[in-house]
**Q** 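Got a structure for you, questions after.
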Amino acid sequence: MIWREEYKIGVELVDEQHQELFKRLGDFIQTVRSDQENSEKKKEVERTLNFMGEYVVTHFDAEEALQKRFNYPDFEEHHQIHEDFKAEVAEFQEKYSADEYDDDFLLEFSGRLLTWLINHVASTDQDIGEHINSVKEKEEELK
Amino acid sequence: MDVKYLNPIIAATDSVFQTMLSVKPEKGEVSIQEDLVTDKEANVIIGMTGDIKGSIVYSFSKEMALKVVEAMSGMEMEELDKFVTSAMGELGNIISGKATTGLAEQDLSCDIAPPQIVTGKNINISSEADKVLMVKFNTDLGEFDVGFSIN
Ligand SMILES: [Fe+2]
């Protein structure tokens with residue numbers, strides 16, 4: 001996946017985690033689009049999807065902890081977006097492992113994830129950075 | 001049919017391309033058409049309900065759709081496969097979601113439906129609308145049209 005400087009929100013921890021998340025989603029997509037033999041591919045798809053899914057949880061937890069620490073006003077709404085996304089990934093993992101989804105659905109799911117994650121980082125998360133940095137500035141002034 | 005309804009869609013298109021792709025779309029001519037006919041191969045249709053009933057249609061050339069997905073994924077795309085069309089569908093979904101926020105500022109409350117994808121050449125997208133507002137865009141990644149049909 002392509003990372004751009006403009007995607008940064010100006011909070012180091014979050015920016016680093018976003019880049020790691022991009023890497024893991026990139027690995028997953030690469031696997032989805034590879035032409036390996038079927039059973040091999042399924043194993044790799046599951047592995048890279050789990051690897052990404054784990055990090056989604058790690059990152060969302062860390063990002064939400066920061067939002068709370070800085071009293072981010074849109075916390076509830078943002079939390080819900082994260083919950084919905086996690087639920088969607090979890091449902092896909094489950095059904096894919098149970099052979100309920102075909103290859104077309106795998107392509108559709110990963111394509112949507114690509115665009116969704118970029119928009120979430122490049123647009124939705126920007127407000128968090130703005131908020132945190134303005135709180136920090138005010139704290140500096142009071143010192 | 002009022003062209004002012006088109007403005008939130010134009011603004012949303014502009015902002016999403018800039019934030020996600022660092023690409024500035026140049027707005028071309030705006031026209032009013034009888035039917036939604038397009039020569040572009042990758043079409044994303046977003047149904048709209050609420051104060052405005054109709055649909056927004058994003059029509060990308062095949063080349064542009066491939067380039068957009070390449071610019072996001074960093075991987076080479078050769079065909080309009082399910083991965084590419086789904087990624088473009090989500091892009092249409094995001095732009096339309098933003099557009100409804102803009103329409104809300106004109107006191108119009110609208111909801112959007114999940115994207116539908118239509119691919120192929122010389123497509124006539126039928127709708128109940130008798131007029132379609134069309135705007136053309138040019139970008140570094142290619143050309144695309146956005147149509148707004150209101151029933
Ligand atoms: Fe987030």
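Bear in mind that the values here come from a model prediction, so they are computed numbers and not experimental data. Chain identifiers are assigned alphabetically (A, B, ...) following the order of the sequence lines, protein sequences preceding nucleic acid strands; residue numbering begins at 1 within each chain.
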**Q** Counting only non-hydrogen atoms closer than 4.5 Å, does A/Gln30 touch chain B with its backbone (N, CA, C, O), its side chain (CB onward), both, or neither?
**A** both

**Q** Taking NZ, NE, NH1 and NH2 as the nitrogens, is one of them in A/Glu40 or A/Lys43 under 4.0 Å from a carboxylate oxygen of the other?
**A** yes

**Q** Which atoms of A/Ser123 are under 4.5 Å from chain B, going by heavy atoms: the side chain, the backbone, both sets, or neither?
**A** side chain

**Q** Please flag which part of A/Arg4 lies under 4.5 Å from any non-hydrogen atom of chain B: side chain, backbone, both or neither.
**A** side chain

**Q** Is there any salt bridge (Lys or Arg N to Asp or Glu O under 4.0 Å) pair reaching into residues 138-151 of chain B, and which pairs are they, with sequence neighbours excluded?
**A** B/Lys40-B/Asp145, B/Lys136-B/Asp145

**Q** I'd like to know if A/Lys95 and A/Glu91 make a salt bridge, using a cut-off of under 4.0 Å between side-chain N and carboxylate O.
**A** yes

**Q** Students often mix this up, so state it plainly: with edges at 30° and 60°, are the rings of B/Phe60 and B/Tyr58 parallel, tilted or perpendicular?
**A** parallel

**Q** Regarding A/Ser34 and A/Gln36, is there a side-chain donor-to-acceptor distance under 3.5 Å anywhere?
**A** yes

**Q** Which of residues 93-121 of chain B get closer than 4.5 angstrom to chain A, counting heavy atoms alone?
**A** B/Ile94, B/Lys98

**Q** Would you please say whether a donor-acceptor pair under 3.5 Å links the side chains of A/His120 and A/His18?
**A** no

**Q** Atom CD in A/Gln93, atom CG in A/Leu49: separation rounded to 0.5 Å?
**A** 4.5 Å

**Q** Strictly less than 4.5 Å between heavy atoms, which residues of residues 63-70 of chain B line up against chain A? Please order them by number.
**A** B/Val69, B/Glu70

**Q** Between A/Leu13 and A/Trp3, is there a shared hydrophobic cluster once you connect ILVMFWY residues whose side-chain heavy atoms come closer than 4.5 Å?
**A** no

**Q** Closest approach of A/Leu114 and B/Ala87, non-hydrogen atoms and distance?
**A** CD2-CB, 4.3 Å

**Q** Measuring from atom OG of B/Ser59 to atom CG of B/Asp39, what distance do you get when rounded to the nearest 0.5 angstrom?
**A** 8.5 Å

**Q** Could you check whether atom NZ of A/Lys68 has more than 12 heavy atoms from other residues, nucleotides or ligands sitting under 6.0 Å from it?
**A** no

**Q** Which members of residues 13-25 of chain B, sorted by number, sit under 4.5 angstrom from chain A on a heavy-atom basis?
**A** B/Thr19, B/Met20, B/Leu21, B/Ser22

**Q** With a 6.0 Å cut-off on ring centres, are B/Tyr5 and B/Phe148 close enough?
**A** no

**Q** May I ask you to check whether A/Asp15 and A/Gln19 show a side-chain donor-acceptor distance below 3.5 Å?
**A** no

**Q** State yes or no: are the ring centers of B/Phe137 and B/Phe144 separated by less than 6.0 Å?
**A** yes

**Q** What part of A/Glu6 is in contact with chain B, defined as an atom under 4.5 angstrom from a non-hydrogen atom: side chain, backbone, both or neither?
**A** side chain

**Q** Quick check: is A/Ile132 connected to A/Tyr7 through a chain of hydrophobic side chains (ILVMFWY, heavy atoms under 4.5 Å apart)?
**A** no

